[in-house]
Undergrad: 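Structure provided below as structure tokens; questions to follow.
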Amino acid sequence: MTFAKSYEPGAFESDIYAAWEAAGIFDPKITPFPVDDNGDGTDDREEPVSTKMPENALSRNIFGDGPNTERPSPVTTGARERSEKDASLASSTFSIVLPPPNANGNLHIGHGLTVALEDSLTRFYRLKGLSSWFIPGADHAGFETWVVYERELEKQGHTRFEYSRDDLYARVWDFVAKQRGNMELQLRALGASCSWHDLTFTLDENVIDRVYTTFEKMWNDGYIYRGEKLVNFCPKHQTAFADIEVEHQDEPGTLWDIAYELVDAASKSVHSRHFATDEERVSEVPPVTTGRDERAENETFSMPIQEIIVSTTRPETLFGDAAVAVNPDDARYKDLIGKRVKLPLTDRTIPIIADEHADPEYGTGAVKITPAHDFDDFEVGERHNLPRLQVIAEDGTMINVPEEYLGLTTKDCRKKVLKDLKEQGLLRGEKKITHSVAHCYKCGTVLEPMLKDQWFVDVEKLAKTAIEHLENNEIKFHPENKKKVLINYLKNLKDWNISRQIPWGIAIPMFRKTDPHATDEPDWIFDRRTNLKEIEKAGVKYVRDEDTFDTWFSSSHWPIVCTDWTEENFNPYYPLNVMETGADILFAWVARMIMMGLYVTGEVPFREVYLHGLVLDEHGKKMSKSKGNVINPMDLVTRFGSDAFRLGILRGRSAGMNQAFSENSVIAGRNLCNKLWNISRLVESIVDEEPEDALLAERSEKDASPALYTTDDMGEDWICREINTCLDQVESDMKDYRFAEAVEILYQTIWDKYADWFIESQKLYKNTPLLKRTLEILLIALHPFAPFVTEAIWQNLSWTNGFIATAKWPEKLKFDPISAENFETIRTIVQEVRTTLQALPGTNNAKKYPLLYDNDSIVNDNQLLIKTLTKVPKINSLDGAPRGLRLALANHELYLDVPEQVVNNYKDTLTERILSVGRELDALNLRMANPNYVNKAPEHLVKETQDQIKEKEALIDRLKVQLSLI
RNA sequence: GGGCGGUUAGCUCAGCUGGCUAGAGCGCGUCUUUGACGUAGACGAGGUCACAGGUUCAACUCCUGUAUCGCCCACCA
């Protein structure tokens with residue numbers, strides 16, 4: 001096989017992926033259910049044990065025609081026990097799940113980062129010999145997909161209300177089935193080494209099964225309750241959201257002051273009471289009414305005011321008011337507590353109550369309480385047992401209001417209410433304010449707090465258990481501080497609304513009794529038969545709840561369902577080794593997986609959590625369609641190659657940080673791939689022309705060791721040392737999830753060390769076995785990060801076998817440390833020669849001047865090497881007195897044999913050099929002059945400083961001699 | 001209001017538990033057809049590590065405060 005002349009990733013990437021997949025190398029070596037005792041880790045999945053008939057008609061397998069149906073089924077062997085064998089099994093596996101991308105979407109840059117991170121880990125541990133299982137998934141993306149589909153329906157002139165829920169489910173299913181596939185192809189293009197036949201779709205039967213089992217357990221354990229609570233409701237999408245899905249935005253608004261008339265009037269007017277009783281504090285008393293002309297207010301003092309003025313941003317909800325609240329400590333209103341007021345525009349009267357919620361500093365200090373349409377008011381209402389009167393319907397129009405307002409939209413109703421209040425003289429002021437408003441994160445519609453019967457999970461115990469395990473350090477976080485953030489979140493977690501009013505999701509398996517006379521029967525029963533609208537049990541009829549689960553309720557089972565965890569069997573892949581995902585879903589997903597994992601399995605679902613931050617554009621700004629700064633990962637893959645993208649996006653990135661990303665880093669990655677490609681071409685050409693046997697024979701005469709290679713010349717020992725350091729570094733970086741650092745050290749080792757020094761030296765002394773071995777090692781070490789190019793090279797090399805993807809992580813190389821250190825000296829010499837030559841006037845200096853040395857064994861022994869690396873025409877031993885230009889190297893008598901004229905021109909440079917070394921020397925001397933440093937600093941540092949001083953002094957001396965010679 | 005993070009070269013970022021002349025990539029300048037690579041090689045310029053205190057023999061690193069940018073949570077009648 002011959003190497004293509006140039007590095008063209010597009011020419012081989014897809015073929016290579018196909019070859020990997022065909023060879024099945026992404027499958028875990030150990031089957032998830034090693035109960036067969038074959039002892040050879042053979043795969044059980046060819047003979048699946050019985051699969052249940054799909055009881056749920058809704059749960060068709062979207063990937064049903066694929067090999068997914070062959071997914072292994074658990075084999076019951078009785079109680080699950082942890083044996084020593086289990087433990088050793090678990091330690092020989094590596095498992096990780098892909099946060100499932102939207103089944104019918106395209107990958108975005110965040111997915112690109114996720115794959116780069118997760119696949120690097122997977123490939124690294126696969127090379128390290130662990131049975132690695134990278135489990136892919138696809139998300140039905142309940143709401144996301146639903147929004148897309150509903151838009152589609154609208155385009156066709158239909159609405160969701162024309163169809164039954166089952167109909168809609170089936171339609172969306174087909175819609176997704178048609179669209180799906182893109183994201184899987186894109187994952188392959190990114191090199192994700194996923195075990196594809198284990199792909200789990202969030203609506204797969206086993207997922208629904210597991211979710212129902214958990215729900216049933218929760219129901220029986222009393223964790224599930226049906227409650228009438230306020231939920232964030234999108235009037236456009238007609239569904240409720242969890243708190244976490246709501247987007248708050250600061251917006252301008254108006255705060256209106258509205259007068260509510262007292263029914264049983266106070267004996268004195270509000271204002272006169274103040275003046276009569278608190279005369280000494282008159283000047284400090286704030287006026288009850290605000291935002292109006294001072295004089296107008298004064299006028300009101302003379303008249304008995306029989307009203308209280310409330311401040312509100314939502315006048316239209318006044319029909320739902322259940323009370324007016326004032327702060328119990330607010331002196332202005334103390335006497336009014338317990339009195340009643342007439343609700344404007346209606347005949348109703350409501351009480352004035354005392355509640356901390358009312359802030360005396362804000363508005364008038366009196367606030368209307370509308371329990372059915374405001375979250376705070378709901379809580380106030382609960383404290384005071386107030387009725388919840390719903391006046392806004394789910395479609396955003398008014399209900400339960402006087403006839404003239406009935407059916408108006410909230411917007412129109414507000415206008416009319418304000419107009420009517422004004423006419424009645426009850427509107428007392430308005431003020432422009434900024435307040436945050438809840439929006440639907442998808443369509444931007446203002447969310448309406450809506451009173452609804454929903455299913456809730458009582459999270460108290462779940463959260464408490466999770467906190468205990470977190471505080472017990474059972475999960476390691478990267479970055480570390482996120483654990484604290486998570487615990488803090490869990491401590492304040494409110495009950496979780498799991499009902500959604502969209503058809504695209506997992507049906508809630510609850511049925512409501514239809515016959516109110518069957519008093520002995522419970523109102524709600526659990527039943528898995530959600531394919532039926534109506535069921536009958538013990539002669540009583542029940543109808544299905546039409547809601548579906550919040551997607552996070554099922555997603556929280558992800559590690560459990562992906563690894564096929566069961567109660568009965570030990571599963572070496574659960575808990576997952578690591579959960580890698582975006583820091584933005586720490587609460588929504590990670591927190592819930594931990595709670596659910598503990599609830600279902602009693603174990604944390606993963607040992608470590610790595611959270612990545614946002615990928616920002618090159619200027620550090622968030623990417624968004626509206627800004628037009630979105631970078632499409634597939635576009636970069638096409639232009640620069642998959643490896644270049646992966647290397648580029650990992651570069652300079654650290655856990656949890658939002659970081660800028662630009663094409664530059666991808667270009668740098670591409671360049672490394674190209675470099676590696678050409679290194680390999682050169683090595684291969686050397687291997688091709690030099691018969692290995694002859695060389696080995698020659699070497700083994702000198703050294704009887706049976707090693708595959710021998711190190712002999714200095715650069716060889718040196719590169720062995722450097723590669724060993726690199727391997728150590730990569731391993732420790734991967735253990736600590738320091739991806740960028742791992743890539744960095746590989747980059748440096750391959751380019752700055754291997755190519756620039758070792759390969760260059762090998763153009764002179766060829767050690768073919770070592771060239772082969774070192775190249776193999778570097779390819780393997782880089783493979784986790786750049787899988788395609790390393791595999792492509794591996795396949796092109798004449799002496800390698802199999803796939804690099806399943807190669808063995810390299811052992812350390814043997815080397816002679818003294819020889820390695822000597823090469824370091826040679827490098828220093830070579831660099832000094834180069835620097836000096838460049839600084840000399842004129843061009844092409846390297847070829848002009850010979851190098852002279854005196855009494856220097858390293859130079860003497862390596863004349864040819866130094867000559868090759870510096871390109872000087874000759875290296876001679878100094879005969880007679882020193883001449884030419886002395887190199888500024890301590891402990892080396894080296895001269896560039898240049899004419900006096902050139903030396904003279906170099907005088908300034910030399911003087912400056914002496915000064916600069918002098919400054920360094922001064923600093924060192926200053927340090928030594930400090931007795932505290934000498935006494936307190938570690939001994940080795942003091943000694944190091946002393947040595948440096950000696951070195952610098954000697955250097956300065958010699959430079960001065962040189963200068964004096966000029 | 002509570003919490004978290006950033007501020008290091010022109011740009012984007014490393015620098016872990018305090019001890020190098022503070023690093024990388026890209027960009028920039030000069031030079032180079034050398035057994036692969038110009039997507040390259042050699043050499044170089046460029047930094048008061050946001051600011052102010054403190055701890056220490058020693059601070060980019062630890063502590064306190066300030067400024068500034070950003071994120072998350074809560075509240076906003």
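The chains referred to below are lettered A, B, ... by the order of the sequence lines, with proteins before strands, and numbering in each begins at 1.
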Undergrad: Starting from P on B:C11, measure out to NZ on A:Lys621 and report it in whole angstrom.
TA: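 Nearest whole value for this atom pair: 14 Å.
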Undergrad: Could you work out which one of B:G19, B:C37, B:A14 sits closest to the side chain of A:Lys5?
TA: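 Of B:G19, B:C37, B:A14, B:C37 is nearest to the side chain of A:Lys5.
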Undergrad: Angle class for the A:Phe758/A:Tyr754 ring planes (parallel below 30°, perpendicular above 60°, tilted otherwise)?
TA: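 Answer is tilted, since the angle falls between 30° and 60°.
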Undergrad: Look at the side-chain N and O atoms of A:Gln762 and state whether any lies under 4.0 Å from the OP1 or OP2 oxygen of B:A36.
TA: no
Undergrad: Distance between the P atoms of B:G6 and B:G15, in whole angstroms?
TA: 10 Å
Undergrad: Show me, pair by pair, the donor-acceptor contacts under 3.5 angstrom made by side chains of residues 661-668 of chain A, not counting sequence neighbours?
TA:
| unit_1 | atom_1 | unit_2 | atom_2 | d |
| --- | --- | --- | --- | --- |
| A:Ser662 | OG | A:Asn664 | N | 3.3 |
| A:Glu663 | OE1 | A:Arg639 | NH1 | 3.3 |
| A:Glu663 | OE1 | A:Arg639 | NH2 | 3.3 |
| A:Glu663 | OE2 | A:Arg639 | NH2 | 2.8 |
| A:Ser665 | OG | A:Gly648 | O | 3.3 |
| A:Ser665 | OG | A:Ser662 | O | 2.9 |

Undergrad: Between B:G25 and B:G41, how far apart are the two P atoms, rounded to whole Å?
TA: 10 Å
Undergrad: Which pair of heavy atoms, one from A:Lys847 and one from A:Pro873, lies closest together, and at what distance?
TA: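 Residues A:Lys847 and A:Pro873, closest heavy atoms: O-CG, 3.4 Å.
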Undergrad: Would you indicate what A:Thr835 reaches in the nucleic acid, counting non-hydrogen atoms under 4.0 angstrom: base, sugar-phosphate, or nothing?
TA: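 Answer is sugar-phosphate: A:Thr835 comes under 4.0 Å of backbone atoms only.
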Undergrad: Could you tell me whether A:Lys763 contacts a base, only the sugar-phosphate backbone, or nothing, with contacts defined as non-hydrogen atoms closer than 4.0 Å?
TA: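 Base: the residue A:Lys763, judged by heavy atoms under 4.0 Å, touches a nucleobase.
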Undergrad: Closer than 3.5 angstrom, by distance alone: can the side chain of A:Asn845 be matched with the main-chain N or O of A:Leu840 as a donor-acceptor pair?
TA: yes
Undergrad: Using the test ring-ring contact (aromatic ring centres under 6.0 Å, His included), find all partners of A:Phe477 that sit at least two apart in sequence or belong to another chain.
TA: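 Checked A:Phe477 against ring-ring contact (aromatic ring centres under 6.0 Å, His included); zero matches.
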Undergrad: Between A:Asp736 and A:Arg738, is the closest basic N to carboxylate O distance under 4.0 Å?
TA: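 Result for this pair is no, no salt bridge flagged.
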Undergrad: Once you round it to whole Å, what is the distance between P of B:C71 and NZ of A:Lys622?
TA: 7 Å
Undergrad: I need the CZ-P distance between A:Arg681 and B:A36, as an integer number of Å.
TA: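 Distance check: A:Arg681 CZ to B:A36 P gives 8 Å.
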Undergrad: As a test of your reading of the structure, name each stem of RNA chain B as range with range, where a stem is three or more consecutive Watson-Crick or G-U pairs at under 3.5 Å.
TA: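 Ordered by first number, the stems with RNA chain B (at least 3 consecutive pairs each) read B:1-7 with B:67-73, B:10-13 with B:23-26, B:28-32 with B:40-44, B:50-54 with B:62-66.
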Undergrad: Between the protein and nucleotides 56-62 of chain B, which nitrogen or oxygen pairs are less than 3.5 angstrom apart?
TA:
| unit_1 | atom_1 | unit_2 | atom_2 | d |
| --- | --- | --- | --- | --- |
| B:C57 | OP1 | A:Lys936 | NZ | 2.1 |
| B:C57 | O2' | A:Asn930 | ND2 | 2.8 |

Undergrad: Could you tell me whether A:Glu824 and A:Arg827 make a salt bridge, using a distance below 4.0 angstrom between a side-chain N and a carboxylate O?
TA: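 Salt bridge flag = yes for A:Arg827 with A:Glu824.
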Undergrad: For the P atoms, the ones on B:G47 and on B:A9, what distance do you get once it is rounded to whole angstrom?
TA: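 Between the two P atoms, the distance is 10 Å.
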Undergrad: Set out, line by line, the N/O atom pairs under 3.5 Å between protein and nucleotides 2-5 of chain B.
TA:
| unit_1 | atom_1 | unit_2 | atom_2 | d |
| --- | --- | --- | --- | --- |
| B:C4 | O3' | A:Asn481 | ND2 | 3.2 |
| B:C4 | O2' | A:Asn481 | ND2 | 3.2 |

Undergrad: Pick the nucleotide of RNA chain B nearest each of A:Lys494 and A:Ser662; which residue has the one closer to the 5' end?
TA: A:Ser662
Undergrad: A:Asp688 CG to B:A36 P: how many Å, rounded?
TA: 14 Å
Undergrad: A:Leu676 CG to B:A36 C1': how many Å, rounded?
TA: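 Taking CG of A:Leu676 and C1' of B:A36, I get 12 Å after rounding.
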Undergrad: Say we look at B:C60 and B:U21: how far apart would their P atoms be, to the nearest angstrom?
TA: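 My reading of the P atoms in B:C60 and B:U21 gives 12 Å.
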Undergrad: Rounded to whole angstrom, note down the C1' distance from B:A59 over to B:A52.
TA: 15 Å
Undergrad: Give one of base, sugar-phosphate or nothing for A:Ser654, where a contact means two heavy atoms less than 4.0 Å apart.
TA: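 Sugar-phosphate: the residue A:Ser654, judged by heavy atoms under 4.0 Å, touches backbone atoms but no base.
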Undergrad: Looking at every strand, decide which applies to A:Arg653 at a 4.0 Å heavy-atom threshold: base, sugar-phosphate, or nothing.
TA: nothing
Undergrad: Can you check the A:Glu618 CD to B:C11 P distance for me, whole Å?
TA: 13 Å
Undergrad: Atom CG of A:Leu636 to atom P of B:U39: distance rounded to whole Å?
TA: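 In whole Å, B:U39 P lies 19 Å from A:Leu636 CG.
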Undergrad: Is any side-chain nitrogen or oxygen of A:Lys675 closer than 4.0 Å to OP1 or OP2 of B:G41?
TA: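 So the side-chain polar atoms of A:Lys675 do come within 4.0 Å of the phosphate oxygens OP1 or OP2 of B:G41, strictly under.
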Undergrad: On a plain distance test, is the side chain of A:Glu760 in donor-acceptor contact with the base of B:A36 below 3.5 Å?
TA: yes
Undergrad: Listed by chain and number, what are the ring-ring contact (aromatic ring centres under 6.0 Å, His included) partners of A:Phe785, not counting sequence neighbours?
TA: none
Undergrad: One thing to verify: whether A:Glu760 and A:Lys763 come together as a salt bridge, which I'm taking to mean a side-chain N less than 4.0 angstrom from a carboxylate O.
TA: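 The answer is yes: the pair qualifies as a salt bridge.
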Undergrad: Using the side chain to side chain contact (heavy atoms under 4.5 Å, CB included) criterion, which residues pair with A:Asn932? Sequence neighbours excluded.
TA: A:Asn930, A:Lys936
Undergrad: Classify A:Phe587 by what it touches in the nucleic acid, base, sugar-phosphate, or nothing, heavy-atom distance under 4.0 Å.
TA: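 Result for A:Phe587 = sugar-phosphate.
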Undergrad: Okay, side chain of A:Asp643, backbone of A:Phe788: is any donor-acceptor separation there less than 3.5 Å?
TA: yes
Undergrad: Can you measure A:Leu797 atom CG to B:A36 atom C1' for me and round it to whole angstrom units?
TA: 13 Å
Undergrad: How would you list, by chain and number, every residue that makes a side chain to side chain contact (heavy atoms under 4.5 Å, CB included) with A:Glu379, sequence neighbours excluded?
TA: A:Arg383
Undergrad: Mapping A:Thr254 and A:Arg738 to their closest nucleotides on RNA chain B, which lands nearer the 5' end?
TA: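 That would be A:Arg738.
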Undergrad: With A:Arg414 as the cation and A:Trp256 as the aromatic partner, state whether NZ or CZ is under 6.0 Å from the six-membered ring centre and within 45° of the axis.
TA: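 Pair A:Arg414/A:Trp256 does not count as cation-pi.
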Undergrad: If I pick the P atom on B:C16 and the same atom on B:U61, what distance separates them, to the nearest angstrom?
TA: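 Rounded to whole Å, the distance is 11 Å.
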Undergrad: When the ring planes of A:Trp677 and A:Phe3 are compared, do they come out parallel, tilted or perpendicular, using 30° and 60° as the limits?
TA: perpendicular
Undergrad: If we take the P atom in both B:C75 and B:C69, what is their distance in whole Å?
TA: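 Roughly 26 Å separates the two P atoms.
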Undergrad: Reading nucleotides 20-26 of chain B 5' to 3', which nucleotides get B (base under 4.0 Å from a protein heavy atom), which S (sugar-phosphate only), which -?
TA: -S--SSS
Undergrad: Checking A:His357 now: which residues fulfil ring-ring contact (aromatic ring centres under 6.0 Å, His included) with it, not counting sequence neighbours?
TA: none
Undergrad: If you look at every strand shown and take non-hydrogen atoms under 4.0 Å, does A:Asp359 touch a base, only sugar-phosphate, or nothing?
TA: base
Undergrad: Can you name the residues that form a side chain to side chain contact (heavy atoms under 4.5 Å, CB included) with A:Lys874, not counting sequence neighbours?
TA: A:Pro850, A:Asn876
Undergrad: Name all residues meeting the ring-ring contact (aromatic ring centres under 6.0 Å, His included) criterion together with A:Phe587; count only those two or more places apart in sequence or in a different chain, and write none if there are none.
TA: A:Tyr489
Undergrad: Considering only the C1' atoms, how many Å lie between B:G19 and B:C62, rounded to the nearest integer?
TA: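 14 Å, rounded to whole Å.
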Undergrad: Heavy atoms only, 4.0 Å cut-off, all strands: where does A:Leu255 land among base, sugar-phosphate and nothing?
TA: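 Contact class for A:Leu255: sugar-phosphate only.
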